[in-house]
Amino acid sequence: MSVVVVGQIGRDLVLRCAELPESGGSAPVVERREMLGGKGANQAVGLAQLGVPVALIGVVGDDPPGAAVLRQASDDGIDIRGVAQRGDTALLVDLVDAPGNRRLLEDIPDSSLVTVDDLDRSAAVFEGADIVSLQLQQPPETVLAAARRAHERGARVVADGAPEESIRDELMEWVQVIRADAKEAELMAGEAVDSEDAATDWARRLLDAGPELVAVAIPDAGDLIVWRDGSRLFPLSKVEVVDPTGAGDAFVAGLIAALRKDAPPPAAGELAVAAASSTVQRLGGRPDLTALAS
């Protein structure tokens with residue numbers, strides 16, 4: 001059995017400067033990294049590092065960068081049978097300054113989004129899944145089709161992000177776990193979710209719609225995990241933030257890895273937070289969670 005991740009694959013270009021230049025200015029690059037990236041790929045890499053068998057369904061370009069990131073994913077131990085090749089590979093440019101402030105530039109061609117046809121071609125990958133993780137930035141029809149297929153096969157569905165309103169009610173009937181950052185939670189709630197009380201109230205309403213566990217990031221407070229019988233706030237880790245990119249992807253990877261071993265929600269939250277904390281201390285969204293594997 002394995003985890004199947006449906007989401008974005010891209011090429012990450014990470015540039016670190018002492019400070020980001022103002023408009024019309026320039027700054028020397030202190031550090032440069034190029035690597036496999038994208039939310040889906042980052043999450044799959046994290047799961048593989050945590051010892052979880054993982055398959056990735058996504059799209060890379062029919063171009064040299066696509067071939068390069070595909071090789072890296074394979075070298076990372078990820079099952080890439082579900083990865084299609086067409087068009088241009090998505091490019092994500094991560095600009096970071098010394099204090100850890102970030103600017104993210106994204107070139108995500110329509111051809112790099114996962115389609116229902118891509119899911120059809122990956123039917124064999126779904127057969128071995130006990131958990132299917134969905135990045136909700138993918139087209140709503142793809143998200144809904146993937147959730148439906150997972151549900152039909154008895155797999156647990158984990159959703160990351162804010163679903164389109166047109167599919168939200170139906171999707172929540174099939175999702176067991178959902179994670180949202182502060183902006184995504186606000187988008188779903190229709191109001192700011194910026195305190196523990198507000199986040200708990202919103203998460204309880206979401207639990208009534210179907211999920212068993214809700215995770216939400218609260219600005220300047222930490223990560224809140226809410227389940228039917230309780231809740232726990234994990235305060236922000238006291239670590240140096242080199243680059244916040246990929247923290248949410250690592251969080252979800254840790255959460256999945258723990259829940260897959262039937263860990264109770266507080267223990268799952270602890271691994272998720274540890275994974276996120278490890279990742280923000282690195283440059284770029286690619287995690288290194290091998291030290292957390294058990």
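Just so we're clear, the structure is a prediction, and the values are computed from it rather than from any experiment. Basis for what follows: all heavy atoms, side chains included, without hydrogens, waters or symmetry-related copies.
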Considering only NZ, NE, NH1 and NH2 on the basic side and carboxylate oxygens on the acidic side, decide whether [X] and [Y] come within less than 4.0 Å.
X	Y	answer
D208	R204	no
E270	R232	yes
E34	R32	yes
R121	D118	yes
D88	R11	no

Where do [X] and [Y] come nearest, in terms of heavy atoms and distance?
X	Y	answer
A73	I80	CB-CG2, 3.9 Å
L224	I218	CB-CD1, 3.9 Å
A247	A276	O-CB, 3.5 Å
L56	A41	CD2-CA, 4.1 Å
G7	Q138	C-NE2, 3.7 Å
A44	I78	CB-CD1, 3.8 Å

In the single-linkage hydrophobic clustering (I, L, V, M, F, W, Y; side-chain heavy atoms under 4.5 Å), do [X] and [Y] co-cluster?
X	Y	value
L259	W227	yes
V157	L171	yes
V132	V5	no
I178	I167	yes
V3	V45	yes

Identify the residue among R156, R153, R260 that makes a side chain to side chain donor-acceptor pair (under 3.5 Å) with D130.
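Checked R156, R153, R260 against D130; only one passes side chain to side chain donor-acceptor pair (under 3.5 Å): R260.
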
My understanding is that only one of R286, Q8, K39, Q43 makes a side chain to side chain donor-acceptor pair (under 3.5 Å) with D249; could you say which?
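Answer after filtering R286, Q8, K39, Q43: K39.
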
Between [atom1] on residue [X] and [atom2] on residue [Y], distance to nearest 0.5 Å:
X	Y	atom1	atom2	result
L47	I131	CG	CD1	8.5 Å
L70	L36	CG	CG	9.0 Å
T142	I57	OG1	CD1	10.5 Å
T245	L283	OG1	CG	8.0 Å
L91	E106	CG	CD	10.0 Å
S112	I9	OG	CD1	9.5 Å

I'd like to check [X] versus [Y] (side-chain heavy atoms, cut-off strictly below 4.5 Å). Are they in contact?
X	Y	answer
N101	V96	no
V114	V143	no
L213	Q176	no
P266	I225	no
R33	R282	yes
V226	W202	no
L136	D160	no
M172	P163	yes

Under a plain distance cut-off of 3.5 Å, with no hydrogens placed, do D288 and T290 share a side-chain donor-acceptor pair?
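Per modelled atom types, T290 and D288 side chains form a pair under 3.5 Å.
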
Consider only side-chain N and O atoms of D197 and S195, and report whether a donor and an acceptor are under 3.5 Å apart.
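The criterion, which ignores hydrogens and geometry beyond distance, is not satisfied for S195 and D197.
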
Decide yes or no on side chain to side chain contact (heavy atoms under 4.5 Å, CB included) for L13 and L92, but give the supporting numbers first.
CA-CA 6 Å; L13 172 59; L92 302 105; over 6 Å; no

Quick check: does any side chain N or O of [X] sit under 3.5 Å from a backbone N or O of [Y], one acting as donor and the other as acceptor?
X	Y	result
Q49	P287	yes
T200	E196	yes
S278	A274	no
S74	R71	no
R168	M188	yes
E127	A124	no

With sequence neighbours excluded, what pairs up with S237 under the side-chain hydrogen bond (donor to acceptor under 3.5 Å, both in side chains) test?
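Once residues adjacent in sequence are excluded, the partners of S237 under the side-chain hydrogen bond (donor to acceptor under 3.5 Å, both in side chains) criterion are S277.
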
Can you list everything that forms a side-chain hydrogen bond (donor to acceptor under 3.5 Å, both in side chains) with T89? Sequence neighbours excluded, please.
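Listed in chain order: D63.
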
With a sphere of 6.0 Å drawn around [atom1] of [X], does it hold more than 12 non-hydrogen atoms of other residues, nucleotides or ligands?
X	atom1	value
D220	CG	no
E240	CD	no
D75	CG	yes

Just jot down the salt bridge (Lys or Arg N to Asp or Glu O under 4.0 Å) partners of R81, sequence neighbours excluded, or say none.
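Residues passing salt bridge (Lys or Arg N to Asp or Glu O under 4.0 Å) with R81: D79.
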
Apply the test side chain to side chain contact (heavy atoms under 4.5 Å, CB included) to residues L20 and L95: give CA-CA distance (whole Å), side-chain angles for both, the deciding distance (0.1 Å), then the verdict.
CA-CA 8 Å; L20 299 178; L95 306 176; 4.0 Å; yes

Yes or no on side chain to side chain contact (heavy atoms under 4.5 Å, CB included) for R148 and H151, after CA distance, side-chain angles and deciding distance?
CA-CA 5 Å; R148 184 183 299 115; H151 177 76; 5.7 Å; no

Check the pair Q85, V59 against side chain to side chain contact (heavy atoms under 4.5 Å, CB included), reporting the backbone distance first and the verdict last.
CA-CA 6 Å; Q85 291 184 268; V59 183; over 6 Å; no

